[in-house]
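For reference, the structure discussed in these notes is given below.
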Amino acid sequence: MNRSLDPAVTRDVPVNRRDFVLFLCIGLFMVSLVLAAITAVKIQSFAFGPLIVLVPAGSIAFGLTYLATDVISEVWGRSYALMTVYAGLVVRFVMFALIGYALAGEDLFPFIGIAESWTPERDAAFESVLGASMRINLAGVIAFALSALIDVFIFHHLKTREAGKNRLWLRNNISTMVSQIANSVVFVSVALGGTMAWAAVGSIVLGQILVKVSVAALDTPAVYMLRNIATGRKLFDFRG
């Protein structure tokens, strides 16, 4: 029997709000992951009271990836969260290859040239941003792989250990904060080490940790609400 003609295979399966939240979280994860890599080239200064720290502009976007994986972990389990992380790694490698093509495609392939409207000034600006993001993207792949796996495993360790208790807020914050610290140290050291004074690198590590920990604390209500939408609870039910 030709399975492609089997009504059970070809029918349009209705999508419910649980499915919508899963698609939303995966989409948020992928978009945030890509934007974090591109926008990390720009360094901003953040003021935490009297403390001024340097922070890559992609830090907030990257923090949102943990919101997505924590919701997926909570509702669909560790396997779904790990598959999302693995898919994110593939996306990062694809992004790395496509940026490389955009930067040097005309040098690699004799049938590709540069349009006359693409001036040397525009090309220099293009390379200054995307060229820098190549090293940042490579550093991001290493740091992301390590920290995302740490996040998923800590989250599920705490979920198993604290089963039956109202502590989603605890596992969300602890898993995210620990993994964000690991990510910040690895990412900044690999991406920026040797390109600026180590005092500045240390400031960026500290700044990333402060911003990401703040994002982790602030995203907790969103984790609850997305969990509630997916599971049919009341939107502002912050139990469990």
Side-chain angles (χ1 to χ4, degrees), residues 13-37 58-95 140-184 186-187 211-240:
V13 179
V15 176
N16 55 37
R17 64 183 184 179
R18 181 183 175 92
D19 298 325
F20 171 77
V21 172
L22 178 60
F23 296 146
L24 175 64
C25 288
I26 293 174
L28 175 64
F29 178 87
M30 295 302 175
V31 168
S32 298
L33 192 63
V34 171
L35 286 179
S59 297
I60 294 177
F62 192 77
L64 294 177
T65 64
Y66 291 91
L67 184 157
T69 53
D70 283 354
V71 174
I72 293 172
S73 294
E74 179 68 16
V75 179
W76 289 273
R78 185 173 69 177
S79 296
Y80 272 73
L82 288 175
M83 287 301 103
T84 303
V85 170
Y86 297 151
L89 282 171
V90 173
V91 168
R92 288 297 293 262
F93 280 114
V94 171
M95 177 184 170
V141 168
I142 298 170
F144 163 72
L146 174 66
S147 61
L149 292 175
I150 289 173
D151 177 63
V152 171
F153 283 107
I154 290 179
F155 186 95
H156 279 277
H157 170 73
L158 293 175
K159 184 176 182 180
T160 301
R161 194 186 73 178
E162 306 290 333
K165 300 177 182 179
N166 180 24
R167 290 183 177 172
L168 170 57
W169 62 272
L170 180 66
R171 53 185 175 268
N172 169 59
N173 281 280
I174 290 180
S175 63
T176 298
M177 290 177 184
V178 172
S179 57
Q180 290 281 30
I181 291 171
N183 178 275
S184 298
V186 174
F187 172 73
V211 168
K212 290 176 179 178
V213 166
S214 299
V215 171
L218 293 173
D219 75 14
T220 302
V223 170
Y224 273 97
M225 287 188 283
L226 287 171
R227 187 277 312 264
N228 294 345
I229 294 171
T231 58
R233 299 190 185 196
K234 294 181 179 179
L235 183 61
F236 297 106
D237 181 357
F238 295 129
R239 296 171 297 168

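Because the structure is a prediction, the values reported are computed rather than measured. In this chain, residues are counted from 1 in sequence order.
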Going through the distances and angles, do F62 and V211 end up as a side chain to side chain contact (heavy atoms under 4.5 Å, CB included)? CA-CA 10 Å; F62 192 77; V211 168; over 6 Å; no
Counting N and O atoms only, with roles assigned by atom type, does the side chain of N228 sit under 3.5 Å from a partner on the main chain of K234, one being a donor and the other an acceptor? yes
Under the salt bridge (Lys or Arg N to Asp or Glu O under 4.0 Å) test, which residues partner R18, sequence neighbours left out? none
What pairs of donor and acceptor atoms, side-chain ones from residues 23-37 against any protein atom, are under 3.5 angstrom apart with sequence neighbours left out?
unit_1, atom_1, unit_2, atom_2, d
S32, OG, L28, O, 2.8

Distance (rounded to the nearest 0.5 Å) between S214 OG and I60 CD1: 9.0 Å
Does anything in residues 169-182 form a salt bridge (charged side-chain N to carboxylate O under 4.0 Å, His left out)? List the pairs, not counting sequence neighbours. E74-R171
Is any side-chain heavy atom of N16 less than 4.5 Å from a side-chain heavy atom of D19? yes
How would you list, by chain and number, every residue that makes a side chain to side chain donor-acceptor pair (under 3.5 Å) with T65, sequence neighbours excluded? none
Side-chain contact test, heavy atoms from C-beta onward, threshold under 4.5 Å: evaluate it for L67 versus L226 and give yes or no. yes
For R227, side chain to side chain donor-acceptor pair (under 3.5 Å) partners two or more places apart: none
Listed by chain and number, what are the side chain to side chain contact (heavy atoms under 4.5 Å, CB included) partners of A217, not counting sequence neighbours? N173, M177
CD1 (I229) and CZ (F20) are apart, to the nearest 0.5 Å, by 8.0 Å
Tell me the closest heavy-atom pair linking P221 and F238, and the distance in Å. O-CE2, 4.0 Å
Per-pair distances, 0.1 Å, donor-acceptor, side chain in residues 77-88, under 3.5 Å, sequence neighbours excluded:
unit_1, atom_1, unit_2, atom_2, d
T84, OG1, Y80, O, 2.9

Can you name the side chain to side chain donor-acceptor pair (under 3.5 Å) partners of R17, sequence neighbours left out? none
W169 atom CH2: more than 12 heavy-atom contacts under 6.0 Å: no
For R239, check side chain to side chain donor-acceptor pair (under 3.5 Å) against everything at least two apart and list the hits. D237
W76 and V21: CA distance, side-chain angles, deciding distance, side chain to side chain contact (heavy atoms under 4.5 Å, CB included) verdict: CA-CA 11 Å; W76 289 273; V21 172; 4.0 Å; yes
List the atom of K159, the atom of S73, and the distance in Å for their closest heavy-atom pair. NZ-O, 3.7 Å
Atom pair OG/CG of S59 and L64 - distance to nearest 0.5 Å: 11.0 Å
For the atom pair OG1 (T220) and CG (N172), what is the distance rounded to the nearest 0.5 Å? 4.5 Å
Can you give the donor-acceptor pairs under 3.5 Å from side chains of residues 145-154 to other protein atoms, not counting sequence neighbours?
unit_1, atom_1, unit_2, atom_2, d
S147, OG, Y66, OH, 2.6
S147, OG, A143, O, 2.9
S147, OG, F144, O, 3.4
S147, OG, N183, ND2, 3.1
D151, OD1, S175, OG, 3.1
D151, OD1, T176, N, 3.4
D151, OD2, T69, OG1, 3.2

